[in-house]
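All values below were derived from every heavy atom in this structure, side-chain atoms included, with hydrogens, water molecules and symmetry-related copies excluded. Please read all numbers here as calculations on a predicted model, not as lab measurements.
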Amino acid sequence: MNKSFQKSQSRRASMDSIAVPDTEKIKKLSDPKFHGSEANRQADAIFDGNRFNKVGDFDRATKFYGSIEEKRLELEKDDPDDFIPKPDPDKKAPDRMNMGVKVGSSYVKRKKVVVWIVVAFLILACALLFLPPIMTSQSDQTEVIYDRNVFENMGMTEFKTYALANYSVYSEEAFASEKKENYRVVSMNVHLQNSSPFEVSVGQFEIVRVPKAYKDKICYVTSTKTDKEGAITAETVPGFSGKDVTVEIMVNVTDMTDEQFDEAITGLILKTTDTKKRIASNTYVPSIPAFLFVSDNVSVSVNP
């Protein structure tokens, strides 16, 4: 009894002898060359309890399935959180010029902001280079020279020729009288304010508009600055400064009343000619003419 019990106990496999079967050999059982008893013998060889406790079987299982550490490393390698995408060669870089920039309470494309800045810069540059000085006049700085003898040094024909060569003549018909008392010279103080950093040069003045009723009464307008030979020279105004210049207007006042004379002068529009700015020592750029609307800034009369 005891011997048979011990014999049965010895046939039982202990927990220490359990091992993973050799899966490679299990797969071979499906091979067509194994038939009947041959397949049974192969199965017995695979599942024989005496073979499960061999270290080699564990080694084969480890080689086939891989170790736990290898599996852990493989899972960590495939972690989507550690995924680094490859750059897409066809993907274009973001267009930064079309990105929005907050202006006030709304967003504007960066391209538009750049365009605005460029336009503002160009306008400022044009203003500094081409805009003329501001021209103004005051009533208390305007006077009529009643005792001026325009024929003191020359006769009518010679004086008219001289005026055409040196002054800005508006109407040749205005030189119709040979009597000095029929002419009045108006001396007007004009202030030129240069708001640019460049020196402004004003060559001469010109009459743009005269009231229709007095078109044949205005003789000429001119600057009074002359050189040593008596020729008219340009007035210059330094950058960011102002300058007072004197402008003379000659009028034929034959049969004119004080009111008519005043209307003829206050209805004038003057402008500068040959206006330019010096941006370098010997470099000048043309400037837009400056205009002066005489209007009611002056008050004149035929007689004192």
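For S177 and N182, the side-chain atoms include at least one donor-acceptor pair closer than 3.5 Å. A donor and an acceptor atom, one from each side chain of Y214 and Q260, are nowhere located under 3.5 Å apart.
Taking the side chain as every heavy atom from C-beta outward, V200 and V202 approach each other to under 4.5 Å. No side-chain heavy atom of T266 sits less than 4.5 Å from a side-chain heavy atom of S295. The shortest distance between side-chain heavy atoms of I269 and L292 does not fall below 4.5 Å. Within the 4.5 Å cutoff, side-chain heavy atoms of V245 are placed close to those of L192. The side-chain heavy atoms of I288 and T275, taken from C-beta on, include no pair separated by under 4.5 Å. With a 4.5 Å cut-off on side-chain heavy atoms, M188 and E248 do not count as touching. Residues F240 and P197 are in side-chain contact: their nearest non-hydrogen atoms beyond the backbone lie under 4.5 Å apart. Side-chain contact check for V144 versus V185: every heavy-atom pair is 4.5 Å or farther apart.
Atom CD of E259 sits in a sparse spot, with 12 or fewer heavy atoms from other residues, nucleotides or ligands closer than 6.0 Å. In this structure, N149 places its CG atom where more than 12 heavy-atom neighbours from other residues, nucleotides or ligands lie under 6.0 Å away.
Here CZ of F293 is found 12.0 Å from CG of L268. Values are rounded to the nearest 0.5 Å. Distance CD/E173 to NZ/K215: 12.0 Å, rounded to 0.5 Å. Distance check, rounded to the nearest 0.5 Å: NZ of K217 to CD1 of I265 gives 12.5 Å. The distance from atom CG of N194 to atom OG of S201, rounded to the nearest 0.5 Å, is 11.0 Å. Distance check: F198 CZ to I279 CD1 gives 6.5 Å after rounding to the nearest 0.5 Å. For the atom pair OG1 of T236 and NZ of K276, the computed distance is 11.5 Å after rounding to the nearest 0.5 Å.
Under the 4.5 Å side-chain heavy-atom criterion for grouping Ile, Leu, Val, Met, Phe, Trp and Tyr, L270 is not connected to L131 through any hydrophobic cluster. Under the 4.5 Å side-chain heavy-atom criterion for ILVMFWY residues, a single connected hydrophobic cluster contains both M250 and I145. V294 and Y220 sit in two unconnected hydrophobic clusters of ILVMFWY residues. Membership requires side-chain heavy atoms under 4.5 Å apart, directly or through other members. No single ILVMFWY cluster, assembled from side-chain heavy atoms under 4.5 Å apart, contains both F159 and Y170. I134 and F291 fall into different hydrophobic clusters, where Ile, Leu, Val, Met, Phe, Trp and Tyr side chains are chained together by heavy-atom contacts under 4.5 Å.
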Let me see the working for K243 and H191 under side-chain contact (heavy atoms from CB on, under 4.5 Å), right down to the final yes or no.
CA-CA 6 Å; K243 183 178 182 180; H191 181 75; 5.9 Å; no
Could you walk me through whether D274 and Q204 pass the side-chain contact (heavy atoms from CB on, under 4.5 Å) check?
CA-CA 7 Å; D274 194 22; Q204 185 57 285; over 6 Å; no
So V221 and S168, side-chain contact (heavy atoms from CB on, under 4.5 Å) or not? Walk me through it.
CA-CA 5 Å; V221 62; S168 178; 4.0 Å; yes
Report the C-alpha distance between Y183 and C219 in whole Å, list the side-chain angles of each, state the deciding distance to 0.1 Å, and finish with yes or no for side-chain contact (heavy atoms from CB on, under 4.5 Å).
CA-CA 9 Å; Y183 295 94; C219 298; 4.0 Å; yes
Kindly indicate, with the supporting measurements, whether the criterion side-chain hydrogen bond (donor to acceptor under 3.5 Å, both in side chains) is fulfilled by S223 and Y167.
CA-CA 8 Å; S223 171; Y167 304 149; over 6 Å; no
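Put simply, the side chain of S137 never gets that close to the backbone of V190: no donor and acceptor are under 3.5 Å apart. Side-chain N or O atoms of N166 include one that pairs as donor or acceptor with a backbone N or O of Y162 at under 3.5 Å. No donor-acceptor pair under 3.5 Å is formed between the side chain of R184 and the backbone N or O of V253.
A cation-pi arrangement, defined by a distance under 6.0 Å to the six-membered ring centre and an angle within 45 degrees of its axis, is absent between K180 and F151.
Closest approach of G203 and A234 over heavy atoms only: CA-CB, 3.9 Å. Considering all non-hydrogen atoms of both residues, N252 and M256 come closest at O-SD, 3.4 Å. Closest non-hydrogen pair, P133 versus A290, comes out as O-CB, 3.2 Å.
Contact check on K277 versus E199 returns no salt bridge, with no Lys/Arg side-chain nitrogen under 4.0 Å from an Asp/Glu carboxylate oxygen.
Counting only residues at least two apart or on different chains, no ring-ring contact (aromatic ring centres under 6.0 Å, His included) pair has a member in residues 248-270.
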